[in-house]
Structures are given as structure tokens and as C-alpha cells.
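Here's the structure we're looking at; comments come further down.
Note that the structure is a prediction, hence the values are computed from the model and not measured. Heads up: numbering here begins at 1 and tracks the sequence.
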Amino acid sequence: MAETTATDLRAKTADELSAQLEALRKEAFNLRFQRASGQLENTARVRQVRRDVARIKTILNERAPKAS
């Protein structure tokens, strides 16, 4: 799974983004276990997942109604 661009993410609905966020969080959890047990082969994937999570959270926060 390649790194996701912000443009691609903005085209998705909030439900799709939430589902993708949940999947990425599960993947990050599994990657942490692999790293701890020495089984992690693609160490760059940890960084990609972390940044994808941040992108999705940013877009969801931008769409949230402003409370003023």
C-alpha cells in the first residue's frame, strides 16, 4: 500500500476516511509488534502509516464544524 496523497483523501467521504483511519491504526499496532519482536522487514512502512494517519486526521479536523 503506497503513501496516500491529500488530494486522494479529500475526494473521500468522512465515513470512508474513518474506516481507512481505523485500518491504518491497526496496521500501525501490528508494525509496532513486528518491530519489537525483530520481524519487521520494511521499516519505512512505520513512517508512511504514521504520516497517513496524520493526513486523515487533518482532513477530518478541517471538515469538522468550527465551534465559536
Side-chain angles (χ1 to χ4, degrees):
M1 186 176 198
E3 189 172 297
T4 312
T5 63
T7 306
D8 296 337
L9 293 174
R10 289 184 200 284
K12 295 186 177 188
T13 65
D15 290 337
E16 290 172 331
L17 289 174
S18 296
Q20 188 173 356
L21 181 61
E22 183 66 27
L24 285 170
R25 284 183 172 164
K26 287 180 182 178
E27 183 178 355
F29 178 79
N30 290 330
L31 289 171
R32 283 195 304 271
F33 268 92
Q34 288 177 15
R35 182 169 37 187
S37 63
Q39 297 176 351
L40 184 61
E41 294 178 9
N42 184 4
T43 57
R45 186 66 186 142
V46 175
R47 183 177 182 180
Q48 285 178 339
V49 169
R50 199 173 64 237
R51 290 184 176 197
D52 284 345
V53 166
R55 276 189 197 93
I56 292 173
K57 289 177 73 173
T58 299
I59 292 170
L60 287 173
N61 282 330
E62 285 173 353
R63 291 183 184 177
K66 304 289 187 235
S68 306

For Asp52 and Thr4 the tightest heavy-atom approach is OD1-N, 3.3 Å

Which pair of heavy atoms, one from Leu17 and one from Ile59, lies closest together, and at what distance?
CD1-CG2, 3.9 Å

Say you draw a straight line from CG of Leu31 to CD of Gln39; how long is it, rounded to the nearest 0.5 Å?
12.0 Å

Reported CD-to-CZ distance for the pair Glu27 and Arg50, which is rounded to 0.5 angstrom
13.0 Å

Under the side chain to side chain contact (heavy atoms under 4.5 Å, CB included) rule, collect the residues that match up with [X], sequence neighbours excluded.
X: Ala28; value: Arg32, Val49
X: Lys57; value: Leu21, Arg25, Val53
X: Asn42; value: Ala44, Arg45
X: Thr5; value: Thr7, Asp8

N/O donor-acceptor pairs under 3.5 Å from side chains in residues 9-16, not counting sequence neighbours:
{"unit_1": "Arg10", "atom_1": "NH1", "unit_2": "Glu62", "atom_2": "OE1", "d": "2.6"}
{"unit_1": "Lys12", "atom_1": "NZ", "unit_2": "Gln20", "atom_2": "OE1", "d": "2.9"}
{"unit_1": "Thr13", "atom_1": "OG1", "unit_2": "Glu16", "atom_2": "N", "d": "3.2"}
{"unit_1": "Glu16", "atom_1": "OE1", "unit_2": "Thr13", "atom_2": "N", "d": "3.0"}

Keeping to residues at least two apart or across chains, list the ring pair (Phe, Tyr, Trp, His ring centres under 6.0 Å) pairs with something in residues 20-47.
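Those involving residues 20-47 are Phe29-Phe33.
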
CZ/Arg47: more than 12 non-hydrogen atoms of other groups inside 6.0 Å
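At most 12 heavy atoms, drawn from other residues, nucleotides or ligands, come within 6.0 Å of this atom.
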
